[in-house]
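Here is the naming used below: chain letters follow the sequence lines, and residue numbers restart at 1 for every chain.
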Number of protein chains: 2
Amino acid sequence: MDIPPLKLAHFKQALKNENLRLTVQRRAILADVLGSDKHREIDEIYLSLKKAGIPVSRATIYRTLDILEQVDFVHKMDIGDGRFRYENNLTGDRGKGHRAHHDHMICDHCGKIIEFVDQEIERRQEKISAEHGFTLLRHSHQLYGLCSDCRYE
Amino acid sequence: MDIPPLKLAHFKQALKNENLRLTVQRRAILADVLGSDKHREIDEIYLSLKKAGIPVSRATIYRTLDILEQVDFVHKMDIGDGRFRYENNLTGDRGKGHRAHHDHMICDHCGKIIEFVDQEIERRQEKISAEHGFTLLRHSHQLYGLCSDCRYE
DNA sequence: CTTTCTGCAAATGTTTTGCATTCAA
DNA sequence: TTGAATGCAAAACATTTGCAGAAAG
């Protein structure tokens, strides 16, 4: 669970810009979220770091994820079950690119989260907003139902 | 703020079917939500009933809105700010029809909620779901930004 | 009268915060 | 050394729940 050198450097710079410090906890939390292609919950991160022997508290995880969201390293998402999820928002190992925007399909039965994008939907959202004189800044779009594995259970 | 006779009758029947009783509180809460074209929060309902001199507690409002949601009289919505909103889900004054499905645009600045529907988006959601073998049961779709009144502030 | 409802206050579950202590630079 | 970060426990918030007394049918 290592942070690619370029991303780590980028993170150090971002911290320095805000007069923030690189701590064991911040490094571990970043590694956790970047190293997973999942949508992580606070408690998953907490338990995972504890198991790895890293001293950390939930408070620090919340505080660190706020910072990571500010600098766009992670994306904070709300699927409506009362807990936030955090997902890696950076591309591969090189450079500081951001992952492309996408929305989510969530299985009511097993909780699986599937990502999707549809350019036509993106366009229609812009069009609808324009028709109402609404300045669209962001959106939240989730599809709920049963994934293919749970469909016939 | 009266409940149209047909709707009241429908509500009484729905309650009877479940062995539930028609109380002053339930009648007042129903009247409140049906009588507003707004997206009501628990506290708005609570304060409004209190002001009208109706004895009620927040607990009862939560419990009653659960019932009203079960019987499809209201729609419970989550715009992601940590509080649920409830909106009237019935048509005019006659019959027991339901309002057409719609999604929402929310102004970050003044909180205004604008409803919208787009058949093409609805179709694409079905299409995307089918492509993933996903059984689509419902969705949540919000556009966030600035409404026309707040655009240049 | 019997059963369901209500209000209260306590419990819940997630996230936030105050503060003394520890640590990065 | 000194300002920032951490961990803890308490606070905040919206919502839920147990229970004794109130009320509907």
Output the rounded distance in Å from [atom1] ([X]) to [atom2] ([N]).
| X | N | atom1 | atom2 | value |
| --- | --- | --- | --- | --- |
| R26(B) | dT4(C) | CZ | P | 11 Å |
| I45(A) | dT15(C) | CD1 | P | 11 Å |
| I61(A) | dT17(C) | CD1 | P | 17 Å |
| F84(A) | dT14(C) | CZ | C1' | 9 Å |
| Y46(A) | dG13(C) | OH | C1' | 16 Å |
| D66(B) | dT17(D) | CG | P | 9 Å |
| L65(A) | dA5(D) | CG | P | 15 Å |
| I67(B) | dT16(D) | CD1 | P | 13 Å |

Would you indicate, yes or no, if [N] has its OP1 or OP2 atom less than 4.0 angstrom from a side-chain nitrogen or oxygen of [X]?
| X | N | value |
| --- | --- | --- |
| R58(A) | dT15(C) | no |
| Q25(A) | dC23(C) | no |
| Y62(B) | dT15(D) | yes |
| T23(A) | dA4(D) | no |

Could you verify whether a donor N or O on one side chain and an acceptor N or O on the other, from [X] and [Y], lie under 3.5 Å apart?
| X | Y | answer |
| --- | --- | --- |
| N17(A) | Q13(A) | yes |
| R99(B) | T91(B) | no |
| H101(B) | E122(B) | yes |
| E115(A) | H39(A) | yes |

Nearest listed nucleotide, side chain of R21(A), among dG7(C), dA5(D), dG3(D): dG3(D)
Options dG25(D), dA24(C), dT6(D), nucleotide nearest the side-chain atoms of R63(A): dT6(D)
Position toward the 5' end of DNA chain D (nearest nucleotide), D81(B) or A59(A): A59(A)
Sugar-phosphate, base or nothing in reach of R83(B), heavy atoms under 4.0 Å: sugar-phosphate
Six-ring centre of F84(B), K76(B) cation under 6.0 angstrom, axis tolerance 45°: yes
